[in-house]
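Pasting a structure here, questions to come.
FYI, side chains are in, hydrogens and waters are out, and symmetry mates aren't considered; it's all heavy atoms of this structure.
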Amino acid sequence: LAYEVFDILLHSVNSKMSREEKTAARKEVAAGPLKAKFAEITKLLSRAGGQFLTGPKETMADFVLFFIISAAASGAFDGLSTDLMDPYPELKAYHARVAALPAIAKMYSDVNEPAVEGAGATHMPGLSYKQLPQ
């Protein structure tokens, strides 16, 4: 599922599109395929007990999905706003749980690069992390 979300984000646009076309395409994706994938992930979390994707212990899939959600809600993708996750409180809580894991928290503790602010950024954030608003 994490790969499918990433695939939707990347392949909804191409380099020949204008910024306006990219913005419109990603807004359409957020309202359709991305919304469906987030609903599917929410159900998967519920079936697994709500803690992590496969149960009470984190796996690599949780780390991958964490980074994809972080990137999607970072404002780095034209047409995807930083409030992208607001309709998904379960996913925001999941994201916060993964962010609180010692390995993830340590990785971001020494990062000096600020998170990307505002839609339309032309680069992806490196190791920036900005907590999703709760």
Tell me, yes or no, whether the heavy-atom count around Lys27 atom NZ, taken from other residues, nucleotides or ligands under 6.0 Å, exceeds 12.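 For Lys27, atom NZ is not crowded (no more than 12 foreign heavy atoms under 6.0 Å).
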Interatomic distance, Glu58 atom CD to Leu65 atom CG [nearest 0.5 angstrom]: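 Here the rounded value is 13.5 Å.
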I need the minimum non-hydrogen distance between Arg26 and Ser12, along with the two atoms involved.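 That closest heavy-atom pairing would be CG-OG, 3.6 Å.
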Mind running side chain to side chain contact (heavy atoms under 4.5 Å, CB included) on Val98 and Phe52 for me, showing each step along the way? CA-CA 8 Å; Val98 176; Phe52 297 105; 4.0 Å; yes
With a 4.5 Å heavy-atom cut-off, do Glu21 and Val13 have their side chains touching?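 No; the side chains remain at least 4.5 Å from each other.
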Please name the pair of heavy atoms, one in Ala105 and one in Ala100, separated by the smallest distance, quoted to 0.1 Å.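 Of all heavy-atom pairs spanning Ala105 and Ala100, the closest is CB-O, 4.4 Å.
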Side chain to side chain contact (heavy atoms under 4.5 Å, CB included) between Gln51 and Leu45, intermediate numbers included: CA-CA 7 Å; Gln51 188 73 8; Leu45 278 169; over 6 Å; no
Hey, could you give me the CZ/CD1 distance between Phe6 and Ile69, rounded to the nearest 0.5 Å?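 Answer rounded to 0.5 Å: 13.5 Å.
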Between atom CG of Asp86 and atom OG of Ser81, what is the distance when rounded to the nearest 0.5 Å?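 Between Asp86 CG and Ser81 OG, I get 7.5 Å after rounding to 0.5 Å.
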Between Thr54 and Leu44, does a side chain to side chain contact (heavy atoms under 4.5 Å, CB included) hold up when you go through it step by step? CA-CA 8 Å; Thr54 61; Leu44 180 64; over 6 Å; no
What is the distance from atom CE of Met85 to atom NZ of Lys92, rounded to the nearest 0.5 Å?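 If I round to the nearest 0.5 Å, the distance is 8.5 Å.
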Any Phe66 side-chain heavy atom under 4.5 Å of His95 side chain: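 They are in contact (side-chain heavy atoms under 4.5 Å apart), so the answer is yes.
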Is any side-chain heavy atom of Val5 closer than 4.5 Å to one of Phe38?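 Result yes, sub-4.5 Å side-chain heavy-atom pair found.
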Heavy-atom neighbours of Glu28 CD exceed 12 at 6.0 Å: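 Open.
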Determine whether Thr23 and Phe77 make a side-chain contact, defined as any pair of heavy atoms from C-beta on separated by less than 4.5 Å.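 Result no, sub-4.5 Å side-chain heavy-atom pair not found.
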Taking atom CD1 of Ile104 and atom CZ of Arg97, what is their separation to the nearest 0.5 Å?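 Separation between the atoms: 14.0 Å.
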For Phe63, does the CZ atom have more than 12 heavy-atom neighbours from other residues, nucleotides or ligands under 6.0 Å away?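 More than 12 within 6.0 Å, yes.
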Report the distance from atom OH of Tyr94 to atom CG of Leu53, rounding to the nearest 0.5 Å.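 Between Tyr94 OH and Leu53 CG, I get 3.5 Å after rounding to 0.5 Å.
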Please find the pair of heavy atoms, one from Ala73 and one from Leu84, that lie closest to each other, and give the distance.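 Here Ala73 and Leu84 meet closest at N-CD2, 4.3 Å.
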Is the closest basic N to carboxylate O distance between Glu40 and Lys43 below 4.0 Å?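 No salt bridge links Glu40 with Lys43.
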